[in-house]
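Heads up, the thing below is written out as structure tokens.
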Amino acid sequence: MSERILLCLAHMSGNEMKFIEEAFADNWVVPLGPNVNGFEDDLKAFADKREGASPLNKQIVALSSGTAAVHLALLACGVGPGDEVLVQSFTFCASTHPVTYLGATPVLIDSEPDSWNMDPELLEKAIKDRIAVTGRKPKAIVPVYLYGMPARIDEILEIAARYDIPVVEDAAEGLGSRFDGQVCGTFGRFGVLSFNGNKMITTSGGGALIVPDDEWKRKIMFYATQARESYPYYQHEEIGYNYRMSNICAGIGRGQMTVLDEHIAHHRHVQALYRELLKDVEGVTLHENPSPRYDSNFWLCTVTLDPDLKVKGQENAYNEVVKGAVGGAAGVTHAATTPHTDCEPNTNVEAMRVALDVAGIESRPLWKPMHRQPVYAKVPSYVNGVSESLFTRGLCLPSGPWVTDEHVRYIVDCIKANIIK
């Protein structure tokens, strides 16, 4: 288990162990069972609630990852070889890679500066242009709730409806965020959730897909369980996937759901403390809700540094090649041969990251836009410079459930101490 998961579980009430022990006692150590059903019911109850309105009556399918949820949602939208899908460029690769799994091409849409999410004006421009260029409209639209911040989803939905294109909301980072009082991930045809080790709640790994109704739930579950036909032997007439969540992971999720509201409240408390402590620090800007319509969970608290801000050690930024994964990054990395790429954070941002790392504080640059990733160098993109500018200026600060008020004060003190006045 990662340090993040262990810390999350250490702060819980012990409900996780109760559900896990029941799964072992009943021999439900498989990708189905009471915990899976119970976790889906818990998520449905959470997602259905709207302030001052009747429940949405959405359905949930628990899956092995958020990436699997994106993949199945696109499959359900009819995406296939030769198709195009409009995807927010300012995101993690899990929003775009599943498009390529299906033989389709991601068309990358830049952000607007308030929410940092998909720009509706660029979205419509891209739709019109793709129809003119290819003679076909894109098969789906994938906006993202970056760092938990809601997008201008009302405008995106209006454009999508005008061209009859389904919307797949990538709410992997946005569990508990709301727009106009409605839970993010419940506006479009499908909504993607993630329970990776660093998310608002974790199942150690896992995700879920929010679907419109029972019929869609049956369809998605069919494809998530290897597309098996109802014979007494294995009969396959379509391609399916091994994407269902295990009963053990779902048990962790059921325990975590009991503290979801506490986690959301804590993240918002941490954001408020950063707001108070950074308010008079010139050159450092905390990203906030653009208006009362937005209600971010503040999964990560993010700042931008003014390009003119001077940071100690800035002259030495990028002097050394990074070896291995930075901070808590998981997985296997290729060895870098140069400290530079053709699009990277400013030297003051890198100097601040290094200074915080020396002080025992893990920070991270913002997501590098997909249109600046080498793997997507040749796909169509509609850009305005917003996401690239944010990437060069931005930094993610610690905000998880283990971050205390004292930690936040220490972090801000370190930021201040490394600014050259």
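The structure displayed is predicted, hence computed values, not measured ones.
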With the side chain counted from C-beta on, respond yes when [X] and [Y] share a heavy-atom pair under 4.5 Å apart, and no when they do not.
X      : Y      : answer
Tyr382 : Leu108 : no
Asp164 : Lys137 : yes
Met118 : Ile141 : yes
Ser177 : Met149 : no
Asn198 : Leu300 : no
Asp42  : Phe46  : no
Leu75  : Tyr241 : yes
Ile411 : Pro398 : yes

| query | Taking it one step at a time, do Val284 and Leu305 satisfy side-chain contact (heavy atoms from CB on, under 4.5 Å)? | reply | CA-CA 5 Å; Val284 180; Leu305 306 188; 3.8 Å; yes

Testing the basics here: between [X] and [Y], what is the closest heavy-atom pair and its distance to 0.1 Å?
X      : Y      : answer
Val144 : Ser95  : CG2-OG, 3.7 Å
Ala140 : Leu74  : CB-CD2, 4.1 Å
Val311 : Ala351 : CG1-CB, 3.8 Å
Asp342 : Arg372 : O-NH2, 3.2 Å
Thr338 : Val321 : C-CG2, 3.9 Å
Glu169 : Gly188 : OE2-N, 2.6 Å

Do any N or O atoms from the side chain of [X] and from the backbone of [Y] form a donor-acceptor pair under 3.5 angstrom?
X      : Y      : value
Lys139 : Gly78  : yes
Lys217 : Ile60  : yes
Asp48  : Lys58  : yes
Asn35  : Asn247 : yes
Gln226 : Arg228 : no
Ser89  : His371 : yes
Arg393 : Ser389 : yes
Asp83  : Gly80  : yes
Asp110 : Asn384 : yes
His287 : Asp114 : yes

Distance check, rounded to the nearest 0.5 Å: [X] atom [atom1] versus [Y] atom [atom2]?
X      : Y      : atom1 : atom2 : result
Thr186 : Asn57  : OG1   : CG    : 12.0 Å
Glu406 : Leu273 : CD    : CG    : 9.0 Å
Asp357 : Glu362 : CG    : CD    : 8.0 Å
Ser204 : Gln256 : OG    : CD    : 10.0 Å
Asp180 : Phe187 : CG    : CZ    : 6.5 Å
Ser399 : Asn297 : OG    : CG    : 9.0 Å

Can [X] and [Y] be counted as having a side-chain donor-acceptor contact under 3.5 angstrom?
X      : Y      : result
Trp367 : Glu173 : yes
His407 : Thr404 : yes
Asn289 : Ser296 : no
Gln314 : Asn348 : no

| Given Val211 and Lys219, is the side-chain contact (heavy atoms from CB on, under 4.5 Å) satisfied, shown in steps? | CA-CA 10 Å; Val211 302; Lys219 289 179 181 178; over 6 Å; no

Salt-bridge present ([X], [Y]; N to O < 4.0 Å):
X      : Y      : result
Arg353 : Glu350 : yes
Lys279 : Glu288 : no
Asp295 : Arg268 : yes
Glu40  : Lys44  : no
Lys125 : Glu121 : no

Do the rings of [X] and [Y] sit parallel, tilted or perpendicular, given the 30° and 60° boundaries?
X      : Y      : answer
Phe90  : Trp116 : tilted
Tyr234 : His236 : parallel
His266 : His269 : tilted

| request: For Tyr376 and Thr96, run side chain to side chain donor-acceptor pair (under 3.5 Å): C-alpha distance rounded to whole Å, both residues' side-chain angles, the deciding distance at 0.1 Å, then the answer. | output: CA-CA 9 Å; Tyr376 291 122; Thr96 51; 3.1 Å; yes

Decide if the gap between the ring center of [X] and the ring center of [Y] is smaller than 6.0 angstrom.
X      : Y      : answer
Phe195 : Phe39  : yes
Trp299 : Tyr145 : no
Phe298 : Tyr147 : no

| task | Count the heavy atoms belonging to other residues, nucleotides or ligands that lie under 6.0 Å from CD of Glu282, then report whether that count exceeds 12. | result | no

| Does atom CD of Gln235 have more than 12 heavy-atom neighbours, drawn from other residues, nucleotides or ligands, at distances under 6.0 Å? |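 For Gln235, atom CD is crowded (more than 12 foreign heavy atoms under 6.0 Å).
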
| message | Show, in sequence, the C-alpha distance, side-chain angles and deciding distance for Val168 and Arg189, and conclude whether the side-chain contact (heavy atoms from CB on, under 4.5 Å) test is met. | response | CA-CA 6 Å; Val168 176; Arg189 181 178 297 179; over 6 Å; no

| request: Go through the steps to decide whether Thr67 and Tyr101 satisfy the test side-chain contact (heavy atoms from CB on, under 4.5 Å), and finish with yes or no. | output: CA-CA 11 Å; Thr67 309; Tyr101 300 168; 3.9 Å; yes

